[in-house]
Amino acid sequence: MVDKQLLAILQRNGKIEERDISDALFSIMEDFLIENNVSVPAIASRVKGNVVQYYTTMPARYSKTGKRHQIVEKTEEEVKRQFLQEAYNTLNYVVEKSVKESITVQEVVKKYLDSLKPQKVTQTGKRKRATIERYFRIYYNYVENTEFGSMRMQSVKSYHCEDFIQYLYGREICAGYVTQIKSLVKTAFDYAVSRDLADKNYMVSIPINGSLCSTKKEREKTVWEDDEVVTLCQKSLEWWWSGKFRHSALLPALIFLGCRIGELSALTWNDVDFVNRTVTFDKTIIEYTDYETHQKCRTVDTPKRPDSRRTVYMNDGAMFWLKEIKRRNEETGIDSPNVVVTKTGRIPKEDQLATSFKRMCQNAGIPYKTSHTCRRTYTTVMIDGGVPVSQVSVDLGHKKVSTTLDTYYRAKKQTEEVLQMKNDVFNQVYGEAMNCINLATLGNTPKTEPVNQKALQMR
């Protein structure tokens with residue numbers, strides 16, 4: 001199909017005339033009808049009054065009304081063009097209707113995913129590249145060549161969508177990932193409805209039962225224990241002064257900053273303000289697999305959500321380690337705008353850092369935990385230490401406080417500490433009542449006989 005918008009631009013710039021556009025469209029219609037074995041019937045003429053009319057018959061199968069009728073114009077050329085236009089539009093509608101009736105669920109999802117990708121190298125896609133690749137991974141693993149994916153879109157009903165979610169339960173997938181899969185399919189169905197490839201989106205109303213999802217692959221809410229943090233900081237200082245591990249400053253820096261490893265890796269010195277004690281996180285390094293080339297890719301990108309772009313105040317620990325990293329880079333002659341760099345000035349890959357962290361933990365005699373554990377540790381220490389959860393949520397770049405509490409916070413106070421805190425609260429609010437309870441606990445309960453007699457008299 002010719003791009004009519006492009007033709008209009010060419011016409012406005014004087015490159016082509018209106019007649020050229022008409023001829024081009026006419027030629028396209030002719031080629032299309034020839035491919036479909038459609039030819040213009042014989043054109044006859046007649047005189048009506050003093051006017052010569054030219055006419056032909058439009059067969060019912062090519063008619064826009066579905067009924068046989070005549071086309072009457074002043075010239076043979078006009079009759080021919082009118083015939084071709086109507087037959088072309090009718091057959092195009094039939095083709096579109098055929099596509100609508102035959103398109104499958106997996107073809108709909110694939111069309112939607114293709115629409116997200118940039119059409120040109122210079123364009124930006126409708127989603128981040130890593131997000132699109134994650135969608136493709138879901139498509140390949142859970143939609144393509146499945147019973148649900150092979151269904152005709154027009155045949156999909158509510159119970160088919162329920163069966164699909166039930167199928168996901170059986171794949172041992174955690175609730176969060178089931179939600180992502182459903183979200184992709186639901187959005188693709190919205191895309192289909194908006195383009196008249198489906199009449200209704202039945203996936204919208206299908207609930208997800210978290211109790212039926214797998215818990216095996218749920219992320220553990222592990223944190224560094226207090227003694228482990230102390231050991232890690234002490235050993236990191238030893239390694240830092242001795243030069244044993246080049247990236248020994250990063251684990252404690254992550255604990256004191258509470259940021260993601262990708263955010264720390266993308267950090268530049270322009271983002272760090274030692275005078276005002278602030279650090280700005282407005283970018284991250286993402287690593288993903290390109291499912292077109294099947295190659296691993298790595299790039300600096302903006303955060304997934306606007307709330308992740310934030311400026312936070314640095315505590316003393318964060319200030320110390322960032323200053324030390326800057327000093328070490330300058331002393332070794334590394335001229336790089338980035339905070340985290342290798343000896344050659346490049347940003348290390350995430351798996352390289354993970355390997356280094358494993359060696360550090362083994363050397364320190366503590367169990368290895370992922371870099372994201374530092375982020376959960378920051379959350380837990382801040383909240384348990386009395387910092388308002390709303391402020392901690394801002395530091396982490398979370399849109400909702402519930403995300404901070406549900407995903408990142410892990411209560412780790414000892415039972416005795418928690419009990420003492422609860423008792424202190426009740427003593428402060430209900431002092432007199434608690435005094436009575438304390439007396440009763442010590443065996444100094446006031447006599448209850450008069451109270452009982454009074455109660456009996458009231459009966």
Side-chain angles (χ1 to χ4, degrees), residues 99-117 125-222 286 288-292 294 304-305 307 372 398-409:
V99 169
K100 179 178 178 179
E101 291 176 347
S102 63
I103 194 167
T104 63
V105 169
Q106 63 188 33
E107 289 172 338
V108 163
V109 178
K110 183 65 163 54
K111 276 181 174 289
Y112 168 66
L113 292 178
D114 288 338
S115 75
L116 299 180
K117 297 188 295 186
K126 297 178 182 178
R127 296 286 189 280
K128 291 184 178 298
R129 183 69 177 175
T131 302
I132 295 174
E133 300 309 327
R134 177 163 52 84
Y135 287 169
F136 267 100
R137 186 162 61 249
I138 290 174
Y139 167 74
Y140 290 132
N141 291 336
Y142 302 105
V143 179
E144 189 182 44
N145 297 327
T146 63
E147 183 177 352
F148 183 68
S150 301
M151 285 189 65
R152 289 190 305 111
M153 190 69 216
Q154 286 288 298
S155 301
V156 173
K157 302 299 179 186
S158 181
Y159 64 89
H160 294 123
C161 296
E162 291 176 354
D163 290 344
F164 175 65
I165 299 298
Q166 193 69 37
Y167 155 76
L168 295 179
Y169 294 153
R171 292 291 301 269
E172 292 293 313
I173 307 170
C174 68
Y177 204 50
V178 172
T179 302
Q180 289 186 45
I181 298 170
K182 179 203 165 181
S183 177
L184 170 60
V185 176
K186 178 180 70 68
T187 308
F189 282 9
D190 283 337
Y191 171 89
V193 171
S194 68
R195 283 155 180 79
D196 199 31
L197 296 173
D199 299 321
K200 185 176 180 180
N201 186 349
Y202 289 99
M203 187 62 77
V204 173
S205 59
I206 307 302
I208 293 175
N209 188 339
S211 63
L212 297 178
C213 299
S214 172
T215 58
K216 294 180 180 178
K217 297 182 181 179
E218 292 281 8
R219 293 179 180 176
E220 294 183 6
K221 290 173 61 173
T222 56
I286 56 173
Y288 60 91
T289 301
D290 190 316
Y291 276 83
E292 290 179 348
H294 301 287
K304 184 187 295 184
R305 298 181 180 85
D307 302 88
H372 217 61
H398 290 160
K399 183 178 181 180
K400 299 179 180 179
V401 171
S402 58
T403 302
T404 306
L405 291 173
D406 296 342
T407 307
Y408 286 87
Y409 175 72

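Computed from a predicted structure; not experimentally measured. All values below were derived from every heavy atom in this structure, side-chain atoms included, with hydrogens, water molecules and symmetry-related copies excluded.
Within the 4.5 Å cutoff, the side chain of Cys213 has heavy atoms near those of the Ile208 side chain. A 4.5 Å side-chain heavy-atom check between Arg171 and Tyr142 finds at least one atom pair inside the cut-off. The shortest side-chain heavy-atom distance between Asn209 and Tyr169 falls under the 4.5 Å cut-off.
Expressed to the nearest 0.5 Å, how far NE2 of His398 lies from CG of Leu405 amounts to 10.5 Å. To the nearest 0.5 Å, atoms NE2 (His160) and CD (Glu147) are separated by 8.5 Å. A distance of 6.5 Å separates CD1 in Ile165 from NZ in Lys182, rounded to the nearest 0.5 Å. To the nearest 0.5 angstrom, Lys186 atom NZ is 12.0 Å from Ile206 atom CD1. To the nearest 0.5 Å, atom CE of residue Met203 and atom CZ of residue Phe164 are 5.5 Å apart. One distance of note links NZ of Lys110 with CD of Glu144; it measures 8.5 Å at 0.5 Å rounding.
Aromatic ring pairs are classed by plane angle as parallel below 30°, tilted from 30° to 60° and perpendicular above 60°; the pair Phe136 and Tyr140 is tilted.
Panel note: side chain Ser183, backbone Gln180; no donor-acceptor pair is recorded below 3.5 Å.
Just one residue in the list Ile181, Val109, Leu113 forms a side chain to side chain contact (heavy atoms under 4.5 Å, CB included) with Ile138, and that residue is Ile181.
Of all the heavy atoms in Gln106 and Tyr139, the pair that sits closest is O-CE1, 3.4 Å.
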